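So the structure is just underneath, and the comments pick up after that.
Chain letters run A, B, ... following the sequence lines, proteins first and then strands; every chain starts at 1. Since the model is a prediction, treat every value here as computed from it, not as a measurement.
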4 protein chains.
Amino acid sequence: MTDRSIASEEKRRLILAAAVRVFARSGYHTSRVGDIAEEAGVAHGLLYHYFASKEELLETVFRETWSELLEAFARVEESQEPASEQLRQVAAILLRSWRRDPDLVRVLVREVGRSQTLPSRVEEIGQVFRAIERIVERGQAEGELRGDLEPRLASWIFYGAIEEILTGWVLGQLDDSDEEVAAAERAVVDVVVGGLTVSGTAASRRG
Amino acid sequence: MTDRSIASEEKRRLILAAAVRVFARSGYHTSRVGDIAEEAGVAHGLLYHYFASKEELLETVFRETWSELLEAFARVEESQEPASEQLRQVAAILLRSWRRDPDLVRVLVREVGRSQTLPSRVEEIGQVFRAIERIVERGQAEGELRGDLEPRLASWIFYGAIEEILTGWVLGQLDDSDEEVAAAERAVVDVVVGGLTVSGTAASRRG
Amino acid sequence: MTDRSIASEEKRRLILAAAVRVFARSGYHTSRVGDIAEEAGVAHGLLYHYFASKEELLETVFRETWSELLEAFARVEESQEPASEQLRQVAAILLRSWRRDPDLVRVLVREVGRSQTLPSRVEEIGQVFRAIERIVERGQAEGELRGDLEPRLASWIFYGAIEEILTGWVLGQLDDSDEEVAAAERAVVDVVVGGLTVSGTAASRRG
Amino acid sequence: MTDRSIASEEKRRLILAAAVRVFARSGYHTSRVGDIAEEAGVAHGLLYHYFASKEELLETVFRETWSELLEAFARVEESQEPASEQLRQVAAILLRSWRRDPDLVRVLVREVGRSQTLPSRVEEIGQVFRAIERIVERGQAEGELRGDLEPRLASWIFYGAIEEILTGWVLGQLDDSDEEVAAAERAVVDVVVGGLTVSGTAASRRG
DNA sequence: GATGAATGAGATTTCATTCAT
DNA sequence: AATGAATGAAATCTCATTCAT
């Protein structure tokens with residue numbers, strides 16, 4: 001029974017991984033269930049033993065990735081580091097995912113937030129933003145980050161900067177060599193976190 | 001003849017506008033050509049009198065909007081303002097488009113940069129980034145902006161921050177009242193441009 | 001009024017000739033009304049001033065050609081020549097039409113007798129066969145042609161031989177140089193008429 | 001697996017046979033894929049499981065029939081009979097096919113040589129003609145058939161005579177009772193083969 | 001007569017999903 | 001678990017024909 005579950009779970013993974021590759025290659029709407037089955041080396045009927053629909057495949061990819069991400073962010077939040085360091089770590093987690101699993105990033109960048117924008121999905125995306133938001137809020141409370149910015153907006157700006165760099169890599173428009181990935185990480189932190197930092201704001205200097 | 005051309009052009013616009021509304025409502029892939037025709041109040045066959053395919057409709061929306069955007073950016077570049085002011089203007093152009101034509105923004109945010117990522121489309125997107133890049137480069141050359149950041153990366157960070165705020169509005173996750181739109185504009189400029197500004201960088205202060 | 005009629009008739013001819021060229025090039029079903037209009041250099045709406053439908057275009061081509069053919073055959077029948085000479089003339093008329101108007105032959109060979117086989121069309125085709133039949137019958141009555149063959153069958157055999165040679169030219173499978181056209185004419189007469197002739201049958205000689 | 005293959009092959013045949021009936025009834029272009037599916041008693045989608053397109057259905061009918069025909073002709077060629085007897089057999093094969101499968105003949109007579117006249121199809125038609133040609137050539141070489149006729153032309157004349165009789169049956173213009181089929185066979189052989197035979201030519205008698 | 005915008009029935013094809021084996 | 005034949009809703013696109021101008 002356990003053997004079977006394990007074998008079963010492995011096949012589930014196999015199909016899910018195939019789906020990620022195919023979605024990455026062709027986009028969700030253009031991908032056919034048959035392509036995924038072929039990529040996984042199984043009959044297309046089998047997909048429906050493991051997943052209710054093509055949509056559920058994407059949903060599962062999205063949810064599993066997102067929950068890993070949330071866990072990683074939670075660990076960051078638990079650390080006692082300053083907010084700026086925590087933001088650096090968040091940027092690192094997101095940006096390094098590109099080299100770890102480019103296809104996964106391709107799928108998430110392309111398909112999440114768009115298409116039907118299912119409320120459930122929006123809700124989960126919101127959790128990521130709220131994690132960043134909380135870091136910003138704490139930074140502000142502790143006087144590390146400037147207090148005249150809505151943490152909400154700040155978190156979207158921060159996340160957007162990171163996602164766009166990922167998009168640049170996905171589109172092949174930005175160099176994604178090791179050094180460039182590191183440079184991107186530094187750049188995001190320098191610019192956004194720098195811009196968020198107390199003594200580092202244009203506003204403060206203007207005032 | 002001119003009358004006819006004008007009437008013809010008006011109908012073309014009518015269909016294009018309907019397409020934007022329908023794509024905004026349902027997303028490109030989920031929208032049906034028949035829905036667009038119905039929204040425009042014409043027979044679906046007529047669409048093919050003006051556009052070669054459903055794809056060409058999206059392509060046209062994209063291209064026309066993008067070229068207007070490029071023109072607006074060109075005008076900004078021509079002004080003799082400091083780089084930071086030019087960047088503020090760029091942010092204003094992009095962010096204010098939301099209130100002007102939410103459906104258009106919805107379509108562009110959801111469908112551009114994703115889907116098939118046609119090389120031609122990537123190329124045109126690239127032009128927008130290069131405009132921002134040039135502003136950053138000039139700002140660096142004139143000592144207004146910090147010189148230790150790749151203008152390329154900076155432009156992606158800047159654009160990403162803006163696009164994510166638009167996405168927040170599209171998803172109904174960020175408040176888009178007049179005040180909030182103004183706040184968003186200030187926030188992007190404060191954070192990103194602030195972070196880019198010479199005396200305002202964490203790095204410079206750390207170093 | 002007469003001027004107008006003449007100009008009108010000329011335009012009708014123009015369209016009809018364009019239709020023949022287009023049908024010859026693409027086949028009736030694959031040809032589009034718009035192609036014919038373009039070939040004729042008029043708006044496609046104009047076709048419907050002169051012809052009720054695409055079908056009527058083909059029908060007209062067919063009917064006009066066929067009636068010319070019948071007239072030519074009638075003149076042959078009226079001559080006082082022996083049946084074998086009349087058959088030679090019939091073969092000549094049909095085979096020489098290829099060089100005179102290849103597109104017309106292409107259309108007739110491809111589209112007539114096949115497709116919907118409208119009863120009206122079948123009836124008119126029948127008239128051609130009956131003309132040949134009458135020649136054979138007279139030849140038999142006068143003892144010039146062997147009497148043990150149904151004139152009906154003989155006429156189909158004769159016509160089939162000729163049509164197939166035309167088909168060979170249409171398909172580019174038989175050489176259609178001047179000499180070959182002449183050779184084909186001789187061959188059909190030699191073989192079929194020779195085979196039909198009294199003393200010239202294998203059967204009679206074998207017996 | 002074999003069971004499945006056999007069942008699968010049977011269904012393929014079922015669809016192909018239905019296609020022949022429908023094409024025979026309405027002609028290729030006028031037939032709808034849905035009609036074929038209905039005639040076969042399957043969902044129309046299933047057609048695309050077995051055939052790539054409506055066109056491929058016709059192509060398959062054509063190719064399979066043609067290759068059977070070629071095999072039959074090959075067997076005739078292998079026999080040691082005189083050329084005239086071999087030609088009789090060829091005529092018999094072709095003409096008897098009408099009673100065996102009228103719908104198939106209807107389709108072949110109507111649709112072959114028309115439509116796009118695909119080069120591939122022309123090529124296969126050519127093989128049939130070459131088989132006849134070889135028989136004629138051998139008959140000439142052995143002195144059985146008159147040598148002053150191009151075998152090429154002779155084969156087209158022979159085939160045309162036969163096809164036209166088939167056409168007469170298809171159009172309901174020639175009687176196709178058992179006796180008439182036999183008579184047609186005799187007539188073709190008498191006339192064409194008679195005309196081809198050495199001492200039996202009008203030309204030779206004239207000269 | 002002439003134009004071409006407009007119509008809309010209809011055709012092929014795709015493909016997610018089901019289900020008998 | 002696994003297969004792949006079978007289904008059928010649905011979507012895009014074509015094109016003959018009409019008709020206002």
Side-chain angles (χ1 to χ4, degrees), chain A residues 4 7-8 11-12 29-37 40-57, chain B residues 1 3-5 7-8 10-12 15 29-37 40-57, chain C residues 4-5 7-8 11-12 29-38 40-57, chain D residues 1 3-5 7-8 10-12 15 29-37 40-57:
Chain A
R4 178 165 294 172
S8 195
K11 190 143 286 185
R12 211 187 95 99
H29 278 104
T30 315
S31 300
R32 285 162 306 172
V33 169
D35 293 340
I36 298 169
V42 300
H44 64 272
L46 190 57
L47 264 66
Y48 291 88
H49 266 278
Y50 294 97
F51 302 93
S53 65
K54 180 184 164 187
E55 166 94 38
E56 199 189 85
L57 274 167
Chain B
M1 188 62 189
D3 278 5
R4 177 160 297 169
S5 306
S8 199
E10 263 171 27
K11 185 123 319 170
R12 210 188 97 101
I15 291 169
H29 278 104
T30 315
S31 301
R32 285 161 303 171
V33 169
D35 293 341
I36 299 171
V42 300
H44 69 270
L46 190 59
L47 264 66
Y48 293 89
H49 201 76
Y50 291 97
F51 303 94
S53 63
K54 180 185 162 185
E55 165 97 38
E56 201 187 87
L57 275 168
Chain C
R4 178 166 293 173
S5 307
S8 194
K11 191 143 286 186
R12 210 187 96 100
H29 278 103
T30 314
S31 299
R32 285 162 304 173
V33 170
D35 293 340
I36 298 169
E38 195 185 10
V42 300
H44 64 272
L46 190 57
L47 264 67
Y48 291 88
H49 265 279
Y50 294 96
F51 302 94
S53 65
K54 179 183 165 187
E55 166 93 40
E56 200 188 85
L57 275 167
Chain D
M1 187 61 186
D3 278 5
R4 178 159 298 170
S5 307
S8 199
E10 264 170 27
K11 184 123 320 171
R12 208 186 98 101
I15 292 168
H29 279 103
T30 315
S31 301
R32 285 161 305 172
V33 169
D35 294 341
I36 299 170
V42 301
H44 66 271
L46 190 58
L47 263 67
Y48 292 90
H49 202 75
Y50 292 97
F51 302 93
S53 64
K54 179 184 164 187
E55 165 97 38
E56 199 188 86
L57 274 168

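Atom P of nucleotide dT17(E) and atom CD1 of Ile36(A) are separated by 10 Å, given to the nearest angstrom. To the nearest angstrom, C1' of dT7(E) lies 13 Å from OH of Tyr48(C). Between Leu46(B) atom CG and dT18(F) atom P there is a gap of 18 Å when expressed in whole angstrom units. Taking atom CG of Leu47(D) as the reference point, atom P of dA11(E) lies 15 Å away to the nearest angstrom. The interatomic distance linking Leu57(A) (CG) with dA16(E) (P) rounds to 11 Å, in whole Å. With rounding to whole Å, Phe51(B) atom CZ is found 16 Å from dT12(F) atom C1'. The NE2 atom of His29(A) sits 15 Å away from the C1' atom of dT14(E) (whole-angstrom rounding). Between the C1' atom of dT12(E) and the CG atom of Asp35(D) lies a distance of 13 Å, rounded to the nearest Å.
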Original post:
Between Ile15(D) and Leu57(D), is a side chain to side chain contact (heavy atoms under 4.5 Å, CB included) present by the stated rule, with each step listed?
Top reply: CA-CA 9 Å; Ile15(D) 292 168; Leu57(D) 274 168; 4.1 Å; yes
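For the pair Thr30(B) and His29(A), the minimum side-chain heavy-atom distance is below 4.5 Å.
Residue contacts shown for Tyr50(A) are limited to sugar-phosphate atoms, with no base heavy atom under 4.0 Å away.
Among the nucleotides dA11(E), dT17(E), dC13(F), the one closest to any side-chain atom of Arg32(D) is dA11(E). Which of dT17(F), dG8(F), dA5(F) sits closest to the side chain of Ala43(D) comes down to dG8(F).
Both distances falling under 3.5 Å, in either a Watson-Crick or a G-U wobble arrangement, place dT13(E) opposite dA10(F). Applying the Watson-Crick and G-U wobble criteria (two distances, each under 3.5 Å), dT21(E) pairs with dA2(F).
Residue Glu56(A) holds its CD atom at 10.5 Å from OH of Tyr48(A), rounded to the nearest 0.5 Å. To the nearest 0.5 Å, atom NZ of residue Lys11(B) and atom NE2 of residue His49(B) are 10.5 Å apart.
Residue His49(B) places at least one side-chain N or O under 4.0 Å from the OP1 or OP2 atom of dA5(E). Distances shorter than 4.0 Å separate none of the side-chain N or O atoms of Lys54(A) from OP1 or OP2 on dT17(E). In this structure, Ser8(A) reaches the dA1(F) phosphate: one of its side-chain N or O atoms is under 4.0 Å from OP1 or OP2.
Between Ala52(C) and Val42(A), the residue anchored nearer the 5' end of DNA chain F, judged by the nucleotide with its closest heavy atom, is Val42(A). Both Ser31(D) and Ser31(A) lie close to DNA chain E; mapped to their nearest nucleotides by heavy-atom distance, the more 5′-ward contact belongs to Ser31(D). Between Ser53(A) and Gly41(C), the residue whose closest nucleotide on DNA chain E is further toward the 5' end is Gly41(C).
Looking at every heavy atom in both residues, Ala37(C) comes nearest to Ala43(C) through CB-C, 3.9 Å.
For dA5(F), its base sits under 3.5 Å from the side chain of His44(A) at one donor and acceptor pair at least.
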